[in-house]
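In what follows, a structure is listed as structure tokens, so that the remarks can point back to it.
What's counted below: heavy atoms across the whole structure, side chains too, no hydrogens, waters or symmetry copies.
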Amino acid sequence: MKQIFRNIDKYNAGSVELVPEEPEDMWHAYNLVAVGDTLRSTTIRKVQTESATGSVSVNKVRTTLTIQVETIDFDTQGCVLRVKGRNIQENQYVKMGAYHTLDLELNRKFTLGKHEWDSVAIDRIDMACDPTQHADLAAVIMQEGLAHVCLITPNMTLLRAKIETTIPRKRKGMCAQHDKGLTKFYDQIIQAVLRHVNFDIVKCVLIASPGFVKDQFAEYMFTMAVKMDWKILTDNKSKFVLVHSSSGFKHSLKEVLQDPSLAPRLADTKASAEVKALDEFYQMLMNDADRASYGVKHVEKAVDLQAVEVLLISDELFRAQDVQKRKRYIKIVDGVKENGGEVRIFSSLHVSGEQLGQLSGVAAILRFPIHDDDDDSEEEG
């Protein structure tokens with residue numbers, strides 16, 4: 001994300017002009033735009049014109065509109081954000097108060113205005129505009145006949161290619177058909193890796209499968225790399241890590257990222273920090289339940305007692321239509337920061353974020369035990 005300008009006054013009101021440059025930036029924009037905000041961007045509008053003879057023609061014109069946001073829709077596959085609202089600035093083509101939908105797309109600048117920019121929104125802009133925040137982890141999750149090539153960023157898992165093909169079964173005298181089908185399948189995966197993985201940024205590529213599928217694929221890929229002189233693969237061979245998964249479906253990525261043997265390899269990648277934090281929370285919940293808290297009320301109580309060491313919170317909660325609800329979550333985040341705690345905001349598009357969503361979207365690892373009994377008078381001596 002590129003920031004063109006930022007004009008926010010001491011009362012936290014103002015506007016920011018941004019240009020989304022990558023698919024992940026559209027996810028950031030989705031989390032920034034809220035109902036009641038003002039949004040200014042270019043758009044195409046159909047305009048009817050009547051000639052002197054009375055004939056009517058319809059032309060498409062490009063114009064700049066400013067709307068007050070009423071509904072927001074995010075297309076995760078097309079990476080397009082559709083924002084609908086009423087026009088609030090004079091325009092020669094669109095009447096004041098008329099409804100229009102602005103499509104925010106990659107490389108199309110927009111200006112977002114808010115009555116109050118809270119700390120979470122400002123932090124998100126700072127993070128989105130940080131050039132180091134890129135997909136530095138890739139994964140090929142596979143089984144025979146099915147593979148998913150994914151890029152994993154700190155905020156989302158981007159499915160870049162799904163390869164599905166029918167491989168003939170091995171039968172007596174029919175091995176050639178099976179081998180031919182398998183080779184074609186492997187070739188498609190290699191092409192997807194070459195097309196979608198930027199080895200200048202990616203630090204680690206996981207190849208995961210049940211059984212020996214991953215080993216056979218890796219052996220074939222590097223044999224072909226030498227044969228075809230694909231230097232990009234041979235030079236980055238050390239970045240590939242083979243790991244077990246229960247299936248070739250995308251949801252198996254969750255178990256792969258939690259594999260303890262992978263921790264040293266993933267230490268440098270940003271996505272692993274969220275997985276690690278969630279894993280630590282579950283460990284605490286099992287071993288010392290009074291130092292693990294989840295659910296809004298329980299976490300609020302822990303914040304009031306200055307007990308939160310690490311806050312885990314889903315970005316989905318900040319998209320609440322109810323302003324008071326959103327402010328409640330902002331207050332939790334600000335309270336943890338003021339008391340020297342660490343805040344980890346999880347993406348609901350990330351496997352770890354989906355898990356956190358099942359725990360109400362907010363959880364905390366505590367500095368000291370808190371009893372969550374209804375009778376709070378029974379404190380430890």
Side-chain angles (χ1 to χ4, degrees), residues 22-24 77 134-153 156-257 259 261-272 351:
E22 296 180 0
E24 192 179 1
Q77 292 304 312
H134 293 287
D136 54 1
L137 176 61
V140 179
I141 312 289
M142 64 189 296
Q143 63 189 47
E144 205 165 278
L146 176 69
H148 292 84
V149 178
C150 303
L151 293 178
I152 301 144
T153 77
M156 63 202 287
T157 303
L158 299 164
L159 177 63
R160 278 289 162 253
K162 182 182 179 182
I163 296 118
E164 213 166 355
T165 183
T166 305
I167 297 170
R169 287 186 175 183
K170 265 189 178 176
R171 291 196 180 98
K172 265 192 177 179
M174 293 277 286
C175 284
Q177 288 294 96
H178 172 81
D179 293 345
K180 193 177 173 184
L182 206 56
T183 301
K184 187 183 173 187
F185 174 55
Y186 288 167
D187 285 337
Q188 286 177 299
I189 301 172
I190 293 169
Q191 288 309 313
V193 170
L194 290 170
R195 192 178 308 120
H196 299 295
V197 178
N198 181 350
F199 286 97
D200 292 335
I201 295 168
V202 168
K203 293 174 182 157
C204 181
V205 184
L206 304 175
I207 300 178
S209 79
F212 294 102
V213 179
K214 59 185 181 299
D215 307 84
Q216 290 161 0
F217 167 68
E219 188 182 339
Y220 175 81
M221 178 171 64
F222 290 115
T223 303
M224 287 302 291
V226 172
K227 188 178 172 184
M228 304 298 289
D229 197 26
W230 288 328
K231 283 204 178 320
I232 191 83
L233 291 179
T234 50
D235 291 352
N236 289 284
K237 190 175 180 179
S238 61
K239 290 184 180 179
F240 286 82
V241 179
L242 307 189
V243 62
H244 173 78
S245 71
S246 57
S247 76
F249 292 94
K250 191 181 154 190
H251 63 75
S252 294
L253 191 57
K254 183 170 68 181
E255 71 194 55
V256 170
L257 293 174
D259 186 336
S261 64
L262 269 182
R265 289 303 303 265
L266 299 183
D268 286 343
T269 65
K270 300 176 190 77
S272 67
V351 282

Nearest heavy atoms of [X] and [Y], plus distance in Å:
X	Y	value
Cys150	Leu159	SG-CD1, 3.9 Å
Leu146	Phe185	N-CZ, 3.4 Å
Pro168	Gly181	CD-CA, 4.4 Å
Ile167	His178	CG2-ND1, 3.6 Å
Ala147	Ile189	CB-CD1, 3.7 Å

Pair Gln188, Thr165: side-chain N/O donor-acceptor within cut-off below 3.5 Å: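 There is no such pair (donor and acceptor under 3.5 Å, judged by atom type) between the side chains of Gln188 and Thr165.
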Please report the interatomic distance [atom1]([X]) to [atom2]([Y]), rounded to the nearest 0.5 Å.
X	Y	atom1	atom2	result
Ser209	Asp215	OG	CG	6.5 Å
Asp187	Tyr220	CG	OH	3.5 Å
Lys250	Lys162	NZ	NZ	10.5 Å
Ser252	His148	OG	NE2	9.5 Å
Asp136	Leu151	CG	CG	10.0 Å
Lys214	Gln143	NZ	CD	13.0 Å

Side chain to side chain, [X] and [Y], heavy atoms closer than 4.5 Å:
X	Y	answer
Leu194	Leu233	yes
Leu262	Leu257	no
Tyr186	Gln216	yes
Ile207	Met221	yes
Leu253	Ile152	yes
Ser246	Pro210	no
Leu182	Glu144	yes

Polar side-chain atom of Lys239 near backbone of Phe199 as donor-acceptor pair, under 3.5 Å: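 Yes, because the side chain of Lys239 sits within donor-acceptor range (under 3.5 Å) of the backbone of Phe199.
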Lys/Arg cation over aromatic Phe222: Lys237, 6.0 Å, 45° cone: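 Yes, Lys237 sits over the ring of Phe222.
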